[in-house]
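Please read the structure below before turning to the comments.
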Amino acid sequence: MELHEAAPAVLSRPRRRPAHDTARPDTPRAPHLRPYQVEAQQAILEHRARGVRSQLVSLATGLGKSVVIATLPKLLSLRPGDVTVVVAHRDELIEQLVDKFRVENPEALIGVEKAERRASDECNIVVATVQTLAEKRLEEFVKRFHRRISLFVIDEAHHAAAPSYRAIVDAVLAQRPEAMILGFTATPNRGDGVRLVDVFEKIVYTMDARKGIDAGYLVPVKSYAVATGVNLDEVASRGGDFVIGQLAQAVNIGQRNERIVAAYKQHTPGLKALVFTASVEHARDVAEEFVARGVNAEWASGETPRDERERIVREFRGAGIDVLVNCGLYLEGFDVPSVQVILNARPTKSTTLYTQITGRALRPLDEIAVPLSNTNSGLERRELIEKSPKPAAIIVDLVDQAQRHQLVTVPSLYGLPPHIDAQGQMTAQVADKFEELLRRDPKRAAKVRSAEEIVTALVELDGFAGPREIKPTFQPIDPESHWRLEMPPQRTAYDRKGRPIPDFSRKWDQWVAEARRVAPHEDAERFANRMLDVNPKSVRWEKRRIDVKRDGDKFVTLYSTDELPERVIEVGSSLVGLLGSAYQRVDEMLSGYAQIPVKGAAGRPSANGAHAGGHMTAEKTGGRRRRGRRTRSRNG
């Protein structure tokens, strides 16, 4: 759903309209524009001042294109008699645009030109379907408004190179050559090679999905690659993608359809999922497979009656349907933020098509839309998304065999080979690790097939066989009775509930590095503290030391810091044995696996192994002594 979008009005309005259709103005409050939407507005004005009258704006799905479109009449300071005409190609897009224009232009007369519905001559804003404005209807429409059309806007403008759109542009410019032509799209590149620059002079502003994710306006992406045994090498291509009839015949087979359902139940059971298929028959067969496996599923296509489609979408928005299977129906104008899973069962070679498919799951939930708009911190927005019920979009690609074709998958959008399985991890992070592996060992990078294999390769390159860093070594104070190990200083901290944070130094450094990568101008250290719930007053650098000393006929291992007196952590009869086991203690402390109490000090054991000064220890560590007494009483 676009930013602050009202529920589509089509659900409550009758389908039939009077001869002249004029949407009555309403007076809801206009939404607060986000920084990138303001930047897009400024880019439009700046390029108009330079004489660029035909412009293209690219905003990823979920970034609020229709909000910007609705601000254009005021932004461009159109005169009272001027008319804004917006065209789209789906009913859902028409109703969404009308709602947005009503919010931003409460005093305007808004009309719809679609099938039997006609906009009144007095309208300032007309929203029309491209199918309606054709041939004689286009001629009649242009005559009706004549030179008043000063702004012509194309929503989903990657279609603008089609003859139907070009005919409308030519008709508008024939009446008013100085009219502004603006296009808005999430995918400015067409898969069939037709150039949009033939329609638009310049792309004046761009914000793609990866930038939207990094800025905290879209949810990040996790992905799975599910291999199938289907071979697509015999499927022909046309216009940059598969011939759809041949593709549907190749992929609509029982075993593959079963694999789709199995992948959903294995990786994303119970989550709201949208499935894309290769044909109407394929959609029906996949939906039937879901139902047979006990999943609440429905299917729809362009052939499904409109009333039935509306019912299905209503139930999908609610709790009635978990999985909605479709064939090319919900690529555009389908705004259901609760969709968390995309199962792409329709292989494609088109980056444009694939971006549309995956974009259906990138919207954050409605309940955090306003907070996302009200904060200027990208890190805070990312944190809001992370803590929401929808912290990420999950894309499941059905990856078929294809030697002759280059398939587009989530990994390929992030610069990874298309066959890489991110195994449910954040795809951007897997891509970063793969780039590191590719830089360090290209031959090894060519062989990996999964996120786990990438990590394993990097670990092996780093030479990790035990501890993660070079171990400190014991130094003899007295070779026969006293050895000391000085550990490098390490940052430690407690959370706000007073609990020590295991492995704090490493975790804190990771969060700082991630914050600086995503938003270099934000306070990365503050973000790291917030993510780990750190009590800032507790952060300190500790210099740790381990001593192994003779104590009577025994040896003791003592642990101490600059602030903590020596504390016994192990007793033994062998100096060599304690020196060896102390290394394990070091590893556990460095990793945070073992926590050494930091309050009070224990007395050293006497020669027979019992602690001396036990009364003092009990007073200083009363809580621990009481727990010890309770334990003994339980054990009888």
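- Residues Phe184 and Leu72 are in side-chain contact: their nearest non-hydrogen atoms beyond the backbone lie under 4.5 Å apart.
- Looking at Asn231, its side chain does come within 3.5 Å of a backbone N or O of Asp233 through a donor-acceptor pair.
- When only modelled atom types and interatomic distance are considered, Gln96 and Ser66 share no side-chain donor-acceptor pair under 3.5 Å.
- Under the 4.0 Å criterion applied to side-chain N and carboxylate O atoms, Glu95 and Arg117 are assigned as salt-bridge partners.
- In this structure, Phe316 and Phe334 have parallel ring planes: the angle between them is below the 30° cut-off, well short of the 60° mark.
- Each of Ile420, Ile395, Leu413, Val221 was compared with Thr427 under the side-chain contact (heavy atoms from CB on, under 4.5 Å) criterion, and only Val221 meets it.
- By the 4.0 Å N-to-carboxylate-O rule, Asp99 lies close enough to Arg102 to be salt-bridged with it.
- Looking at Gln55, its side chain does come within 3.5 Å of a backbone N or O of Ile44 through a donor-acceptor pair.
- For Thr351 (side chain) and Val408 (main-chain N/O), no donor-acceptor pair under 3.5 Å exists by modelled atom type.
- No side-chain donor from either of Ser450 and Asp421 sits under 3.5 Å from a side-chain acceptor of the other.
- A salt bridge links Arg346 to Asp241: at least one charged side-chain nitrogen sits closer than 4.0 Å to a carboxylate oxygen.
- Residues Tyr36 and Leu59 form a side-chain contact, since some pair of their non-hydrogen atoms from C-beta on lies under 4.5 Å apart.
- Classified by interplanar angle (parallel below 30°, tilted 30° to 60°, perpendicular above 60°), the ring pair Trp511/Phe527 is perpendicular.
- For Arg381 (side chain) and Ala215 (main-chain N/O), a donor-acceptor pair under 3.5 Å exists by modelled atom type.
- Ile312 places none of its side-chain heavy atoms less than 4.5 Å from the side chain of Trp299.
- One finds a salt bridge joining Asp335 and Arg363 here, because a Lys/Arg side-chain nitrogen approaches an Asp/Glu carboxylate oxygen to under 4.0 Å.
- Between the side chains of Asn252 and Asp285, at least one donor N or O lies within less than 3.5 Å of an accepting N or O.
- Judged by distance alone, with hydrogens and angles left aside, the side-chain atoms of Lys349 form no donor-acceptor pair with the main-chain N or O of Ser237 at under 3.5 Å.
- Counting only heavy atoms from C-beta outward, the side chains of Gln41 and Thr71 approach each other to under 4.5 Å.
- Within 6.0 Å of CD in Glu367 there are more than 12 heavy atoms belonging to other residues, nucleotides or ligands.
- With hydrogens and angles disregarded, a donor-acceptor distance shorter than 3.5 Å links the side chain of Asn326 to the backbone of Val275.
- In this structure the side chain of Val341 never reaches within 4.5 angstrom of the side chain of His267, judged on heavy atoms.
- Using a 4.5 Å cut-off on side-chain heavy atoms (C-beta onward), Gln246 and Arg238 make no contact.
- Here the two rings, on Tyr414 and Phe434, have centers that are 6.0 Å apart or farther.
- The main-chain N or O of Ala361 is found under 3.5 Å from a side-chain atom of Lys390 such that the two form a donor-acceptor pair.
- Taking 4.0 Å as the cut-off between side-chain N and carboxylate O, Glu436 and Lys433 do not count as a salt-bridged pair.
- Residues Tyr264 and Val396 are not in side-chain contact: their nearest non-hydrogen atoms beyond the backbone lie 4.5 Å or more apart.
- A donor-acceptor pair shorter than 3.5 Å can be found between the side chains of His158 and Gln356.
- Looking at residues two or more places apart in sequence or on another chain, you find a side chain to side chain contact (heavy atoms under 4.5 Å, CB included) between Glu303 and Val280, Ser301.
- For the pair Arg382 and Glu386, the salt-bridge criterion is not met [side-chain N within less than 4.0 Å of a carboxylate O].
- For CD of Glu380, the number of neighbouring non-hydrogen atoms (other residues, nucleotides, ligands) closer than 6.0 Å is greater than 12.
- Salt bridge annotation for Glu104-Lys100: absent, with no cationic side-chain nitrogen under 4.0 angstrom from a carboxylate oxygen.
- With Glu308 contributing its side chain and Pro305 its backbone, the two residues share no donor-acceptor pair below 3.5 Å.
- Within the 3.5 Å criterion, the main-chain N or O of His89 finds a donor-acceptor partner in the side chain of Gln131.
- A heavy-atom distance below 4.5 Å is not found between the side chains of Arg317 and Ser338.
- Side-chain atoms of His405 come within 3.5 Å of backbone N or O of Val235 as a donor-acceptor pair.
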